[in-house]
> 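This is the structure, below, for whatever I ask next.
Atoms within a ligand are numbered from 1 in the order they appear, just like the ligands themselves.
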Amino acid sequence: MTLANPWFIAAILGVLGVFHLELVTTLLNLARLGKPLPPALEEIFPEETREKLSAYITDGKRVEFIRDITMLSLLMLFWLSGGFGWLQNRVDHLGHGPVETGVFVIAIMMLAQTCLGLPFEIWSTFGVEARHGFNRTTARTFISDHLKGLVLMALIGLPVAWVVVWFFQTQARAALDAWLFMASFSVLMTFLAPRVIMPMFLQFKPMEAGPLRDAIFALAQKLDFPVHEVSVVDGSRRSSKGNAFFAGFGKARRIALYDTLLASHSNDEIVAILAHEIGHNKCRHVPVHLALGLAEMGVMLALLGWVLKSPGFFAAFGVTGTPVGMGLVLFGVLYQPLGIITGLLGLAMSRKHEFEADAFAARAVGSARPLMDGLKKLSRDHLAHPQPHPLAVLLHYSHPPLGQRLAALADR
Ligand SMILES: [Zn+2]
């Protein structure tokens, strides 16, 4: 861990660079809260709403900042005091094989990260969200959600980690093998998640017969998008924020609408929002995103394969030798800044896709009006930032800001 090691300098600059970039972005974004709104947005966000959303966004960012600076300080403390090397030695002394040792190191670090993040999650859910009237999560739901998350991590995350460590420990073409494995796993998860994992957290009930259900089936038929089931999801058990829904893929398409969305939107608005989601499917956005994700994973695994063979990389973190499991953990630290760069492309593409799905929805229902009304309501109900700073949009926004979406829809 000396300044003569280029890995050490790159890692330190990367970690500190990300922190400062995020801080600057947040400050620029908060400053924009005071900027006068263009007339198109002024009617959506009257004075009273603007005061509420400024307070909500500022409170949320405060928690995020305190969390980030705490995590950064703990990471630096652990790193510079030789914590990574110490942990590796302790686990080595347990006398298991290299693969098991690696998985054990990964499990310890993930558990530590989860535990350290927990107080901030509690603060955010029961402090900020509750103070601004959004939170509906009870302590019981919060605890059971986290226990389920831990069980899933143990049942799915650890075996996946085991396979990846095994590849890099034993195979010559490990990056390619790991990529093929991770790609198959991702595809499997897109099928399993809506069927097995989401129902562990949300309750799905068939939608009652009525005009909305009829309108949804009529839309699906008109768009040649076969739907087998429309469900209502109990999002209201966690938050009062109305959320859109997701559609399963393949033959057993399931459309799910959050009960909170049903409560706050008209049938026309819901049908238009649904047409937007069907638009994502019809315009082939899902396979494009999956392909981009797999390409990003390929780049990441190739880089991982390279750093795992570089003793200098491990030395930068005070670890002797090249233990694979610890290498994965350390690569996670280094991947923070790289991930931001590779993420830019995915976010830009996602924002472009949102415009396409909006245009599709307006064509499908024969007017842009219901979607525009629905989007305005969602933004206002969520107390979203009315005009985020372009840097914040570039780094974090998967959806274009409301003003841009409305302008594009009005221009049609
Ligand atoms: Zn969308």
> Considering only heavy atoms from C-beta outward, does the side chain of E64 approach that of E22 to under 4.5 Å?
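They are not in contact (no side-chain heavy atoms under 4.5 Å apart), so the answer is no.
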
> Any idea which N/O/S atom from E354 gets closest to the Zn ion (ligand 1)?
OE1

> Would you name the heavy atoms of M76 and L16 that are closest together and state the gap between them?
CE-CD2, 4.4 Å

> Has H276 got an N, O or S atom lying less than 2.8 Å from the Zn ion (ligand 1)?
yes

> Looking at every heavy atom in both L262 and L257, which two are closest together, and how far apart are they?
CD2-CD1, 4.0 Å

> Could you give me the CA-CA distance, side-chain angles and deciding distance for E354 and H280, then say whether side-chain hydrogen bond (donor to acceptor under 3.5 Å, both in side chains) is met?
CA-CA 8 Å; E354 289 306 317; H280 280 309; 3.1 Å; yes

> Within the stated cut-off of 2.8 Å, is an N/O/S atom of H280 closer than that to the Zn ion (ligand 1)?
yes

